[in-house]
Structures are given as structure tokens and as C-alpha cells.
Amino acid sequence: MANKIIFTKEAPAPIGPYSQAVLAGNTLYVSGQIPLDADTGELINENITEETHAVMKNLEAVLRAAGFSFADVVKCTIFIKSMDEFSTINEAYGQYFKVNPPARETVEVSKLPKNVNVEISCIAVK
């Protein structure tokens, strides 16, 4: 079975040579999303809470385009510029996984694309 490339206009277009997501069998690999507005291409970065919600909405759009939802997510990776923002990001992120949250790691990095403060990727399985 060939892999299927997932693309939706409801999430930001890739800013490099990668796909928004790849469906391999029953597993969906979603590329890291940053807080870009899909319609305008503008950053949503008034504060870290707003950034995190924008990232989660972009993830949700890609998941939905592939016929998945947050309930199907088994693993997330969160990249943040400062661990000082961890609790605030965690609070916003947690609103999307109220029951049976996925496995996850959070990694502090020195820089992210477009100098955002948070990027999140995920893996979902049906």
C-alpha cells in the first residue's frame, strides 16, 4: 500500500519540502505545526496561550482532513523555546486531550521556524 499525502487549506501550507501529514496504512504522521493563520499566513503570537491554541487548531485541521481526530492521537512532541512557558502551554494543550491523553515529550530548543515559541507534531492511529 502506498503512502497518502495529506493536505488541507484549513492548516498552513508547508514552509519547506515536507507534507502536512503522511498516512501510512492506519497511522498518520503529522508534521510539526506552528501558530500560523492558514488564511493569511500571519503568525498568531500575542501570547503563549494564543500560540498554543493556534498550533492545536492547525493540528486538528490536518487530523480532520485525514479522517482522524484528537481521540486517535497516540503520541505528541512539543518543542518550546523556554521551559518557563511549560505550565501555560500544558494548560492550553490539555484542553484538547481531556480523556486518555497521548504519550508525549516536551523539548526545549534554542530556535523554531519563524521564531515562534511552540511547535507540536503528532502521530495518530485508527
Would you list the atom pairs, donor with acceptor, under 3.5 Å between side chains in residues 23-33 and any protein atom, with sequence neighbours excluded?
unit_1: Asn26; atom_1: ND2; unit_2: Lys126; atom_2: O; d: 3.0
unit_1: Ser31; atom_1: OG; unit_2: Ser19; atom_2: O; d: 2.6
unit_1: Gln33; atom_1: NE2; unit_2: Ser31; atom_2: O; d: 3.4

Please list, one pair per line, the donor and acceptor atoms closer than 3.5 Å that link side chains of residues 113-123 to other protein atoms, with sequence neighbours excluded.
unit_1: Asn115; atom_1: OD1; unit_2: Lys81; atom_2: NZ; d: 3.0
unit_1: Asn117; atom_1: ND2; unit_2: Glu51; atom_2: OE2; d: 2.6

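Residues satisfying the salt bridge (Lys or Arg N to Asp or Glu O under 4.0 Å) test with Glu42, not counting sequence neighbours, are none. Ser69 pairs by the side-chain contact (heavy atoms from CB on, under 4.5 Å) definition with Ala71, Asp72, not counting sequence neighbours. Listed by chain and residue number, Phe70, Tyr93 satisfy the ring pair (Phe, Tyr, Trp, His ring centres under 6.0 Å) test with Phe97 (two or more places apart in sequence, or in another chain).
In the hydrophobic clustering of ILVMFWY residues, with side-chain heavy atoms under 4.5 Å counting as a link, Ile48 and Val107 come out apart. No single ILVMFWY cluster, assembled from side-chain heavy atoms under 4.5 Å apart, contains both Val22 and Val62. Residues Tyr18 and Leu59 do not share a hydrophobic cluster, defined by chaining ILVMFWY side chains whose heavy atoms lie under 4.5 Å apart. Two different hydrophobic clusters hold Ile5 and Phe68 under the rule that ILVMFWY side chains link at heavy-atom gaps under 4.5 Å. Hydrophobic clustering of Ile, Leu, Val, Met, Phe, Trp and Tyr side chains at less than 4.5 Å, counting indirect connections, unites Ile78 with Leu63.
Remark: Gln95 CD is packed, more than 12 non-hydrogen atoms of other residues, nucleotides or ligands lying under 6.0 Å away.
Judged by distance alone, with hydrogens and angles left aside, the side-chain atoms of Glu10 form no donor-acceptor pair with the main-chain N or O of Ala65 at under 3.5 Å. Remark: side-chain polar atoms of Glu108 are paired, donor with acceptor, to backbone N or O of Met83 under 3.5 angstrom.
In plain terms, the two heavy atoms of Pro14 and Phe7 that are nearest each other are CD-CE1, 4.1 Å. Lys75 approaches Pro102 most closely through the heavy-atom pair N-CB, 3.6 Å. Nearest approach of Leu36 to Ile44, heavy atoms of both residues: C-CD1, 4.4 Å.
To the nearest 0.5 Å, the span separating CD on Glu91 from CZ on Phe86 amounts to 12.0 Å. Expressed to the nearest 0.5 Å, how far CZ of Arg64 lies from CD1 of Ile6 amounts to 13.0 Å. With values rounded to the nearest 0.5 angstrom, Glu60 atom CD is found 11.5 Å from Thr8 atom OG1.
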For this session: Starting from the C-alpha separation in whole Å, work towards a yes-or-no answer on side-chain contact (heavy atoms from CB on, under 4.5 Å) for Arg104 and Asn90.
Result: CA-CA 11 Å; Arg104 179 186 90 184; Asn90 204 43; 2.7 Å; yes

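The hydrophobic cluster containing Val99, built from Ile/Leu/Val/Met/Phe/Trp/Tyr side-chain heavy atoms closer than 4.5 Å, comprises no other residue.
No side-chain heavy atom of Pro12 sits less than 4.5 Å from a side-chain heavy atom of Ile34.
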